[in-house]
Undergrad: 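Handing you this structure, nothing more for now.
Computed from a predicted structure; not experimentally measured. Numbering of ligands and ligand atoms starts at 1, following listing order. Index from 1, following the sequence.
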Amino acid sequence: MTAAPLLPTLAETLARARADLRIGLPVAVDGTLGAAVETLTPARLAALRALGPLVLALTARRAETLKIGPYDGDLVRLAVPPAADLDWLRAMADPARDLDRPMKGPFSAVRSGDATPARGLLGLAKSAQLLPAVLTVASPSPAGINQLPAGLLIEQLSREALLVPVAAAGLPLAAAPVARLHVLRPDDGGAEHYAVEIGTPDRDAPVLARLHSACFTGDVLGSLKCDCGPQLYAALAAMGEAGAGVLLYLNQEGRGIGLANKMRAYALQAQGFDTVEANHRLGFEDDERDFRLGAAMLRQLGIGQVRLMTNNPAKVEMLQRHGIAVTERVPLITPRNRHNTGYLDVKAAKSGHLL
Ligand SMILES: Nc1nc2c(ncn2[C@@H]2O[C@H](COP(=O)(O)OP(=O)(O)OP(=O)(O)O)[C@@H](O)[C@H]2O)c(=O)[nH]1
Ligand SMILES: [Zn+2]
């Protein structure tokens, strides 16, 4: 009898490693130990420092804000000064205090050696919805630390998750008395996603569909800062009126950066940065969502052609690229107010939304 089938696969190790970073544990990637700055404790910082010279990995987006050249393309590796403490690391990672405590160089970039482990660790931090800033040290891995090969880690991070239907049940809605909620679970340990099927859509004709990214603030609290809540209810109402449709509720809060980071972005917006600039200052791209999920969910539901309710041409293009025919784009315009008008203008100007 071999224990191999009981041992974690690469995908399972990655899911564990994501949890490790979130609770403050380091993970080992090809001889580099890395811990997320956001969850680092003083004790772990001291333990990592004892292993060798510390290097801080940041994304090129964060480096841009700190006025550091992106020596490794999409990332930078910086030598951590011997006197730097947790407060210094946090200020490098988190833009909250950029304005009242600007981080000034000169920073000393590390240009030798392979940046691939740092790249894998930053990808892992993003996928754990942590600030993309990782403290690293080249060292053999102590026992008990999760180990991942860099190349395979990066490949695995961009792999499309397989969605498994878990449960479904009828769910009468105010907007549509005949509806059904399906829960789908990805095989990568990530968040579950939901499909709301309204009526019984005719699979032989284009189905009225909406890909909705989770927005706790807009969908649940009725925030006036974005258009998500009104879009959600308008889409359900349109499907209820038409008697059929499907709304995919994708758990990609804050365009994939998670609610904590979205609130960090909102705090930056209160300082005067727009929605795109705020994401960049945090070290993220404008949009970190993976829309392949939407195409996979539609396929699971037996839907191959849709009339897509969206103002975002990127969603149309992504679905088409992943095998779903979008026969029509149905605009989903909701009222403006004084809190969301700037946000909507920036979406139109910078993200190509047709508003
Ligand atoms: N990072 C970030 N995410 C935001 C912000 N405002 C709203 N969101 C998120 O953006 C997502 C909604 O995406 P939108 O860009 O509004 O719309 P879209 O889904 O791309 O396009 P439509 O189909 O036209 O609605 C949700 O996940 C929200 O949580 C913000 O200021 N910053
Ligand atoms: Zn929103």
Side-chain angles (χ1 to χ4, degrees), residues 59 61-62 95 126 129-132 190-191 193-194 208-236 238-239 245-291 293-295 297-298 306-320 324 326 328-337 339-355:
T59 64
R61 287 293 187 195
R62 180 71 187 128
K126 272 191 185 181
Q129 299 191 328
L130 295 167
L131 284 172
H193 305 285
Y194 320 128
L208 188 60
R210 163 103 184 123
L211 265 60
H212 185 87
S213 296
C215 178
F216 171 70
T217 48
D219 300 343
V220 179
L221 302 181
S223 158
L224 297 175
K225 262 182 76 73
C226 61
D227 54 348
C228 303
Q231 281 189 324
L232 173 63
Y233 294 106
L236 291 173
M239 291 172 193
V246 64
L247 182 136
L248 304 185
Y249 194 91
L250 305 170
N251 270 310
Q252 306 167 315
E253 175 67 59
R255 279 184 238 119
I257 66 176
L259 186 60
N261 286 319
K262 188 174 94 171
M263 288 307 100
R264 291 186 171 118
Y266 274 11
L268 295 174
Q269 288 170 33
Q271 295 178 1
F273 299 105
D274 71 31
T275 176
V276 171
E277 290 162 348
N279 260 38
H280 291 176
R281 294 185 80 87
L282 287 162
F284 294 103
E285 297 304 318
D286 317 12
D287 197 334
E288 297 272 357
R289 288 176 289 186
D290 180 357
F291 280 123
L293 272 173
M297 284 171 80
L298 289 171
V306 294
R307 296 169 55 226
L308 191 67
M309 304 188 78
T310 184
N311 310 316
N312 184 353
K315 283 188 186 173
V316 175
E317 201 251 328
M318 276 300 268
L319 280 190
Q320 306 255 39
I324 304 290
V326 181
E328 184 189 346
R329 183 185 72 82
V330 181
L332 192 53
I333 308 290
T334 54
R336 285 185 179 241
N337 65 52
H339 303 281
N340 73 11
T341 193
Y343 168 72
L344 295 175
D345 286 343
V346 172
K347 284 215 297 190
K350 293 193 174 177
S351 310
H353 283 67
L354 306 165
L355 293 168

Undergrad: Do the side chains of Phe273 and His280 get nearer than 4.5 Å, heavy atoms only?
TA: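 With C-beta onward as the side chain, the pair stays apart.
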Undergrad: To the nearest 0.1 Å, how far is atom 13 (O) of ligand 1 from its closest protein heavy atom, and which atom is that?
TA: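 Result for atom 13 (O) of ligand 1: Arg289 NH1, 3.3 Å.
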Undergrad: Measuring from the heavy atoms of Phe284, does anything fall under 4.0 Å of ligand 1?
TA: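 Distance cut 4.0 Å: Phe284 fails for ligand 1.
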Undergrad: At less than 4.0 angstrom from any non-hydrogen atom of Asp227, what atoms of ligand 1 do you find?
TA: 16 (O)
Undergrad: I need the nearest protein heavy-atom contact for atom 31 (O) of ligand 1: residue, atom name and distance, please.
TA: Gln269 NE2, 2.9 Å
Undergrad: Please state which part of Ile257 comes within less than 4.0 Å of ligand 1, counting heavy atoms only: side chain, backbone, both or neither.
TA: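 Near ligand 1, Ile257 shows its side chain, while the N, CA, C and O stay back.
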Undergrad: Answer yes or no: is there a side-chain heavy-atom contact under 4.5 Å between Leu319 and Leu298?
TA: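 When only atoms from C-beta onward are counted, Leu298 and Leu319 do touch, with a gap below 4.5 Å.
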Undergrad: Among all protein heavy atoms in this structure, tell me which lies nearest to atom 32 (N) of ligand 1, with the distance rounded to 0.1 Å.
TA: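 Closest protein heavy atom to atom 32 (N) of ligand 1: Thr275 OG1, 3.5 Å.
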Undergrad: When you check the space around the Zn ion (ligand 2), which protein N, O or S atoms turn up under 2.8 Å?
TA: Cys215 SG, Cys226 SG, Cys228 SG
Undergrad: Name the atoms and distances for all side-chain donor-acceptor pairs under 3.5 Å in residues 348-355, with sequence neighbours left out.
TA:
from	atom 1	to	atom 2	distance (Å)
Lys350	NZ	Asp274	OD2	2.7

Undergrad: What is the nearest protein non-hydrogen atom to atom 25 (O) of ligand 1, stated with its residue, atom name and distance?
TA: Gln231 OE1, 2.8 Å
Undergrad: Is the shortest heavy-atom distance from the side chain of Glu277 to the side chain of Gln271 under 4.5 Å?
TA: no
Undergrad: Using non-hydrogen atoms of the residue, decide whether Phe216 is closer than 4.0 angstrom to ligand 1.
TA: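 Checking ligand 1 against Phe216, which is what was asked, there is no heavy-atom contact under 4.0 Å.
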Undergrad: Any heavy atom of Asn261 closer to ligand 1 than 4.0 angstrom?
TA: no
Undergrad: First locate atom CG of Asn311, then atom CD of Gln231, and finally report the distance between them rounded to the nearest 0.5 Å.
TA: 6.0 Å
Undergrad: Can you tell me how far the CG atom of Asp219 sits from the SG atom of Cys226, to the nearest 0.5 Å?
TA: 7.5 Å
Undergrad: For ligand 1, which atoms sit closer than 4.0 Å to a heavy atom of Asn312?
TA: 18 (P), 20 (O), 21 (O), 24 (O)
Undergrad: Looking only at atom types and distance, does a side-chain atom of Lys315 sit under 3.5 Å from a main-chain N or O of Leu211, one as donor and one as acceptor?
TA: yes
Undergrad: Distance only, no hydrogens: is a donor on one side chain within 3.5 Å (strictly under) of an acceptor on the other, for Thr217 and Lys262?
TA: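 Present: a donor and an acceptor within the cut-off.
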Undergrad: Test side-chain contact (heavy atoms from CB on, under 4.5 Å) on Asn261 and Leu131; report intermediate values, then the result.
TA: CA-CA 7 Å; Asn261 286 319; Leu131 284 172; 3.6 Å; yes
Undergrad: Would you give the length of the straight line joining atom CG of Leu308 to atom CZ of Arg210, rounded to the nearest 0.5 angstrom?
TA: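 Here the rounded value is 7.5 Å.
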Undergrad: Between Asn279 and Glu285, is there a donor-acceptor pair closer than 3.5 Å when you use the side chain of the first and the backbone of the second?
TA: yes
Undergrad: Is any side-chain heavy atom of Glu328 closer than 4.5 Å to one of Leu208?
TA: no
Undergrad: I need the contact type for Lys225 against ligand 1. Using non-hydrogen atoms and a strict under-4.0 Å cut-off, is it side chain, backbone, both or neither?
TA: neither
Undergrad: Show which atoms of ligand 1 fall inside a sub-4.0 Å distance from at least one heavy-atom site of Asn311.
TA: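 Close to Asn311: 22 (P), 23 (O), 24 (O).
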Undergrad: Judging by distance only, is a nitrogen or oxygen of Gln252 under 3.5 angstrom from one on ligand 1?
TA: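 Checking ligand 1 against Gln252, an N or O pair does fall under 3.5 Å apart.
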Undergrad: Please confirm whether the backbone N or O of Tyr249 pairs with a side-chain atom of His212, one donor and one acceptor, at under 3.5 Å?
TA: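 Absent.
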Undergrad: May I ask you to identify the nearest protein heavy atom to atom 22 (P) of ligand 1, giving residue, atom name and distance to one decimal place in Å?
TA: Thr310 OG1, 3.4 Å
Undergrad: Which protein non-hydrogen atom lies closest to atom 16 (O) of ligand 1, naming both residue and atom, and how far is it?
TA: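 Sorting protein heavy atoms by distance from atom 16 (O) of ligand 1 puts Lys347 NZ, 2.6 Å first.
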Undergrad: Between Asp345 and Arg336, does any side-chain N to carboxylate O distance fall below 4.0 Å?
TA: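 Yes, Asp345 and Arg336 are salt-bridged.
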Undergrad: Report yes if the side chains of Leu250 and Met297 come closer than 4.5 Å at any heavy-atom pair, otherwise no.
TA: yes
Undergrad: For atom 10 (O) of ligand 1, grab the closest protein heavy atom and report residue, atom and distance to one decimal in Å.
TA: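 Minimum-distance protein heavy atom for atom 10 (O) of ligand 1 reads Arg255 CG, 3.5 Å.
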Undergrad: Does even one non-hydrogen atom of His212 get within less than 4.0 Å of ligand 1?
TA: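 His212 does not count as a contact of ligand 1 under the 4.0 Å cut-off.
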Undergrad: Of the side chain and backbone of Leu211, name the one, both, or neither that has a heavy atom under 4.0 Å from an atom of ligand 1.
TA: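 For Leu211, there is no contact with ligand 1 at all, from either part.
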Undergrad: For ligand 1, indicate whether the residue Asn279 contacts it via side chain, backbone, both or neither (heavy-atom separation under 4.0 Å).
TA: side chain
Undergrad: Which one holds for Tyr343 and ligand 1: side chain close, backbone close, both close, or neither close, with close meaning a heavy atom under 4.0 Å?
TA: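 For Tyr343, the contact with ligand 1 is made by the side chain alone.
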Undergrad: Which one of Ala235, Gly254, Cys215 has a non-hydrogen atom at the shortest distance from atom 2 (C) of ligand 1?
TA: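 When every heavy atom of Ala235, Gly254, Cys215 is considered, Gly254 comes closest to atom 2 (C) of ligand 1.
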Undergrad: Which atoms of ligand 1 have any heavy atom of Arg210 under 4.0 Å away?
TA: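 Reading through ligand 1 atom by atom, the close ones are 22 (P), 23 (O), 25 (O).
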Undergrad: Against heavy atoms of Glu253, which atoms of ligand 1 measure under 4.0 Å?
TA: 27 (O), 29 (O)
Undergrad: Below the 3.5 angstrom mark, is there an N/O of Ala214, backbone or side chain, next to an N/O of ligand 1?
TA: yes
Undergrad: Just by modelled atom types, is the Arg281 backbone N or O under 3.5 Å from a matching donor or acceptor in the Arg62 side chain?
TA: yes
Undergrad: For atom 19 (O) of ligand 1, which protein heavy atom lies nearest, and how many Å away is it?
TA: Lys315 NZ, 2.6 Å
Undergrad: For residues Asp227 and Tyr343, determine if any side-chain heavy atom of one lies less than 4.5 Å from a side-chain heavy atom of the other.
TA: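 They are in contact (side-chain heavy atoms under 4.5 Å apart), so the answer is yes.
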Undergrad: Do Phe216 and Glu253 touch side chain to side chain, with heavy atoms closer than 4.5 Å?
TA: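 Contact flag for Phe216/Glu253 side chains = yes.
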Undergrad: Is there side-chain contact between Arg255 and Glu288, with at least one heavy-atom pair below 4.5 Å?
TA: no
Undergrad: Classify the contact between Lys262 and ligand 1 as side chain, backbone, both or neither, using a heavy-atom distance cut-off of under 4.0 Å.
TA: side chain
